[in-house]
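Comments concern the structure below.
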Amino acid sequence: MLLTRLAQVSREVAATSARSRKTALLAELFRDADPDDVPVVIPYLAGRLPQGRLGIGWKVLGRRVPPADAPSLTVREVDERLTAIGAVSGTGSQAERARLTGELMGRATEEEQRFLVGLITGEVRQGALDAVAVEGLAQATGAPPTDVRRAVMLAGSLQTVAQALLAEGPAALEAFRLTVGRPVLPMLAHSASSVAEAVGRLAGCAVEEKLDGIRVQVHRDGGTVRLYTRTLDDITDRLPEVTSAALGLKGERFILDGEVIAFDTEGRPRSFQETAGRVGSRVDVATAARAVPVSPVFFDALSVDGRDLLDLPLTERHAELARLVPEPMRVRRTVVAGTADPAAAEGFLAETLERGHEGVVVKALDAPYSAGRRGAAWLKVKPVHTLDLVVLAAEWGHGRRTGKLSNLHLGARTADGSFAMLGKTFKGMTDELLTWQTGRLKELAVDTDGHVVTVRPELVVEIAYDGLQRSSRYPAGVTLRFARVVRYREDKRPEDADTVDTLLAAHPEALR
DNA sequence: TTCCGACAGTGGGGTCGCAAT
DNA sequence: ATTGCGACCCCACTATCGGAA
């Protein structure tokens with residue numbers, strides 16, 4: 001199959017907003033694909049590269065290469081070339097990757113170039129990723145969408161399922177079962193603004209502490225243990241102490257879900273930055289492990305002794321977890337009956353925060369483990385802080401925000417009356433607000449480099465955030481975590497904005 | 001007819017590791 | 001030795017479609 005066909009379909013998919021039409025377009029293409037092309041065509045149309053990382057980004061792709069006049073590239077040839085680019089390593093590799101990329105781009109037409117750049121950067125912007133591709137695949141093969149979706153969750157990969165499905169038909173889905181050693185997409189949580197709201201939405205729930213670490217899925221089969229992240233990357237080699245902990249449990253075969261986190265000598269959680277740095281260390285693991293040892297803390301059991309627990313209610317899965325894992329290695333929790341006063345749950349949240357944790361996750365007791373879904377059965381609740389800050393500058397947006405000033409530079413007052421930048425945010429704005437702020441900020445503009453528009457520091461904006469973290473990038477040495485706009489405060493003047501000092505005083509733990 | 005669940009899009013900061021400077 | 005870049009952790013929020021209520 002020619003790449004140009006994919007580029008055209010991608011353009012058509014992007015052009016329609018109807019999801020049903022997107023699905024139909026993808027299904028038609030999947031039906032036409034040669035079985036040998038399927039492992040490439042499916043991920044490409046889902047907006048992803050089968051190779052994963054290539055080591056090339058905007059720096060290289062930004063270089064203009066004259067496009068070919070006529071399409072000639074086949075998808076298989078593109079795949080081979082990209083595999084070759086990803087395999088380049090050693091001194092001079094960056095130049096070599098850039099050269100090979102330029103060569104490939106030179107063979108592509110303008111439309112194909114756009115498609116390839118989107119694929120490589122992960123920004124196809126066609127309004128259809130995995131979920132729509134799954135629907136299209138189901139439509140193309142006549143398999144029930146629910147079954148295809150489930151197979152993808154269990155395989156952890158759309159590509160694997162697509163290949164089997166197109167080769168053998170719907171019967172092939174049977175083979176995708178929960179298997180120890182093969183990671184499944186983890187279940188995710190929605191947000192709720194308070195414990196009372198979360199408890200009210202679920203009839204009978206467990207309230208569990210939410211640890212600010214790295215999600216981990218632990219597979220043990222006898223003496224073999226494998227550890228996977230949220231995106232199913234294998235991190236076994238980086239966390240030997242977690243492997244040891246899994247081998248110490250009284251079970252031979254299991255899959256557990258939990259969090260890895262570093263604790264200090266008093267048993268309080270260390271900062272997210274410390275835990276994440278440790279989990280990210282790959283080269284000198286022994287040294288990293290001595291400096292920042294981590295512990296697994298589990299909250300769910302997906303499989304025990306060959307028994308698949310995914311469809312069982314949380315209550316039963318947790319009973320299995322409790323049989324297998326001693327209490328100190330489990331997330332603390334309390335169970336709240338459907339009719340109970342939420343005060344008990346509120347108390348549990350307060351206690352959890354007191355212990356230095358991030359918040360709680362409220363989970364429906366009767367819900368199964370919905371792999372890969374962000375179901376309403378799990379609701380996270382974290383305290384939210386707010387500040388009044390001053391807009392120092394704004395950046396022009398991309399995609400659907402093209403032509404709008406989108407990303408705000410936020411400043412707090414300092415002792416000398418100037419403003420110190422604390423970070424940026426593009427979150428929380430409606431289209432209406434986006435339009436308004438573009439107009440208002442243009443009035444305040446004093447300078448621009450083409451992308452960043454500097455403004456007079458007069459506009460006050462209320463910002464919600466989750467906490468402070470250390471920063472080497474910003475002058476105050478700290479930055480806001482997950483900052484988002486709540487509303488503009490035109491009733492406030494810049495001199496009314498919050499100061500760096502009050503901010504630091506409000507978060508003493510961030511500077512420990 | 002209205003409501004709501006699921007998705008895609010729009011990017012944020014930090015850290016690590018590799019290659020280039 | 002330092003800097004730049006890509007990958008991958010953590011993530012909030014809004015708009016939209018289409019099925020459920």
Side-chain angles (χ1 to χ4, degrees), chain A residues 13-14 16-23 47 52-61 86 88-97 120-135 149 188-191 212-216 229-233 235 238 259-260 271-284 288 358 370 372-377 380 382 384 395 397-402 404 406-410 422-434 463-474 478-486:
Chain A
V13 168
T16 174
S17 64
R19 238 169 256 158
S20 47
R21 176 79 186 128
K22 291 178 193 285
T23 305
R53 51 175 174 267
L54 290 183
I56 51 178
W58 282 109
K59 191 71 192 170
V60 168
L61 294 168
V88 176
S89 66
T91 303
S93 63
Q94 223 163 68
E96 178 63 3
R97 276 198 294 266
I120 295 168
T121 60
E123 296 175 34
V124 289
R125 291 180 170 132
Q126 61 182 14
L129 296 172
D130 267 24
V132 180
V134 164
E135 287 292 319
R149 204 173 306 133
L188 306 172
H190 271 304
S191 292
D212 197 7
I214 304 287
R215 186 82 174 262
V216 70
T229 65
R230 194 164 93 79
T231 48
L232 312 189
D233 277 359
I235 53 167
R238 304 185 209 167
E259 196 88 359
V260 286
S271 73
F272 173 75
Q273 283 164 304
E274 289 175 291
T275 294
R278 164 61 209 284
V279 175
S281 299
R282 287 160 285 186
V283 175
D284 187 356
E358 200 187 359
S370 312
R373 313 305 292 268
R374 195 176 285 281
K380 58 182 160 187
K382 296 187 284 184
V384 176
E395 298 173 18
H398 298 92
R400 70 186 300 281
R401 292 192 177 188
T402 301
K404 298 282 163 52
S406 170
N407 200 3
L408 305 177
H409 294 199
L410 305 168
L422 285 176
K424 308 181 192 178
T425 185
F426 56 91
K427 296 173 184 163
M429 301 129 181
T430 61
D431 288 359
E432 192 187 356
L433 187 68
L434 222 38
I463 297 293
Y465 65 104
D466 278 20
L468 284 192
Q469 55 186 348
R470 284 184 182 284
S471 171
S472 56
R473 177 180 313 220
Y474 293 113
V478 293
T479 186
L480 304 178
R481 198 164 176 209
F482 310 138
R484 58 267 189 192
V485 168
V486 179

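Keep in mind the model is a prediction, meaning the values are calculated, not measured. Just the heavy atoms: all of them, side chains too, but no hydrogens, waters or symmetry mates, feed the values below. Residue numbers start from 1 in every chain, and the chains themselves are labelled A, B, ... in the order their sequence lines are given, proteins ahead of strands.
- Checked against dC11(C), dG13(B), dC8(C), the side chain of Lys380(A) finds its nearest nucleotide in dC11(C).
- Comparing dC9(C), dG14(B), dG9(B) against the side chain of Arg473(A) picks out dG14(B) as the nearest.
- dG12(B) atom C1' lies 12 Å from atom CZ of Arg401(A), rounded to whole Å.
- Between dA19(B) and Thr91(A), no contact under 4.0 Å exists linking OP1 or OP2 to a side-chain N or O.
- Regarding contacts with the backbone of dG14(B), a side-chain N or O of Ser471(A) is found under 4.0 angstrom from either OP1 or OP2.
- Within the 4.0 angstrom heavy-atom criterion, only backbone atoms of the sugar-phosphate kind lie near Ala131(A); the bases stay farther away.
- Comparing dA8(B), dA6(B), dC10(C) against the side chain of Phe272(A) picks out dC10(C) as the nearest.
- Here Gln273(A) reaches the OP1 or OP2 of dT15(B): one of its side-chain N or O atoms lies under 4.0 Å away.
- Lys59(A) places its NZ atom 18 Å from the P atom of dA19(B), with the value rounded to the nearest Å.
- Annotation: side chain of Glu395(A) is in contact with side chain of His409(A) (closest heavy-atom distance under 4.5 Å).
- Applying the 4.0 Å criterion to OP1 and OP2 of dG14(B), one finds that Ser472(A) has every side-chain N and O outside that range.
- Both the sub-6.0 Å distance and the 45° axial angle are not jointly satisfied by Arg484(A) relative to the ring of Phe426(A).
- Contact between the side-chain N/O atoms of Arg484(A) and the OP1/OP2 oxygens of dG12(B) is not found at any separation under 4.0 Å.
- Side-chain atoms of Arg400(A) and base atoms of dT10(B) include no donor and acceptor less than 3.5 Å apart.
- When rounded to the nearest whole Å, the span between CZ of Phe426(A) and P of dG13(B) equals 9 Å.
- Counting only distance, with no hydrogens or angles, the side chain of Lys22(A) and the backbone of Gln126(A) share a donor-acceptor pair below 3.5 Å.
- Across all strands, Val485(A) comes closer than 4.0 Å to no nucleic acid atom at all (heavy-atom distances).
- The nearest heavy atom of DNA chain C to Arg282(A) and to Ala464(A) marks one nucleotide each, and the one closer to the 5' end goes with Arg282(A).
- Using a 4.0 Å heavy-atom criterion, one finds that Leu54(A) contacts the sugar-phosphate atoms exclusively.
- Using a 4.0 Å cut-off between charged nitrogen and carboxylate oxygen, Arg481(A) and Asp212(A) count as a salt-bridge pair.
- Both distances falling under 3.5 Å, in either a Watson-Crick or a G-U wobble arrangement, place dG18(C) opposite dC4(B).
- Side chain of Ser93(A) to backbone of Gly90(A): a donor-acceptor contact under 3.5 angstrom is found.
- Side-chain proximity of Lys382(A) to the nucleotides dA8(B), dT14(C), dC11(C) is greatest for dC11(C).
- Among the heavy atoms of the strands lying under 4.0 Å from Arg19(A) is at least one base atom, whether or not backbone atoms are also near.
- In this structure, the CD atom of Gln94(A) is 5 Å from the P atom of dA20(B), given to the nearest Å.
- Look at Ser20(A) and you'll find a side-chain N or O under 4.0 angstrom from OP1 or OP2 of dG18(C).
- Here dC11(C) presents its C1' atom at 4 Å from CZ of Phe482(A), a figure rounded to the nearest Å.
- When atom types are taken as modelled, the side chain of Arg97(A) and the backbone of Gly55(A) share a donor-acceptor pair closer than 3.5 angstrom.
- Residue His398(A) places at least one side-chain N or O closer than 4.0 Å to OP1 or OP2 of dG11(B).
- One can place CZ of Arg278(A) at 16 Å from P of dT15(B), the figure rounded to the nearest angstrom.
- With rounding to whole Å, Asp431(A) atom CG is found 7 Å from dA15(C) atom C1'.
- Within the nucleic acid shown, Thr425(A) has no heavy atom closer than 4.0 Å to any nucleic acid atom.
- In this structure, the side chain of Arg21(A) does not engage the main chain of Thr16(A) through any donor-acceptor pair within 3.5 Å.
- Atoms CZ (Arg481(A)) and P (dA12(C)) sit 9 Å apart, rounded to a whole Å.
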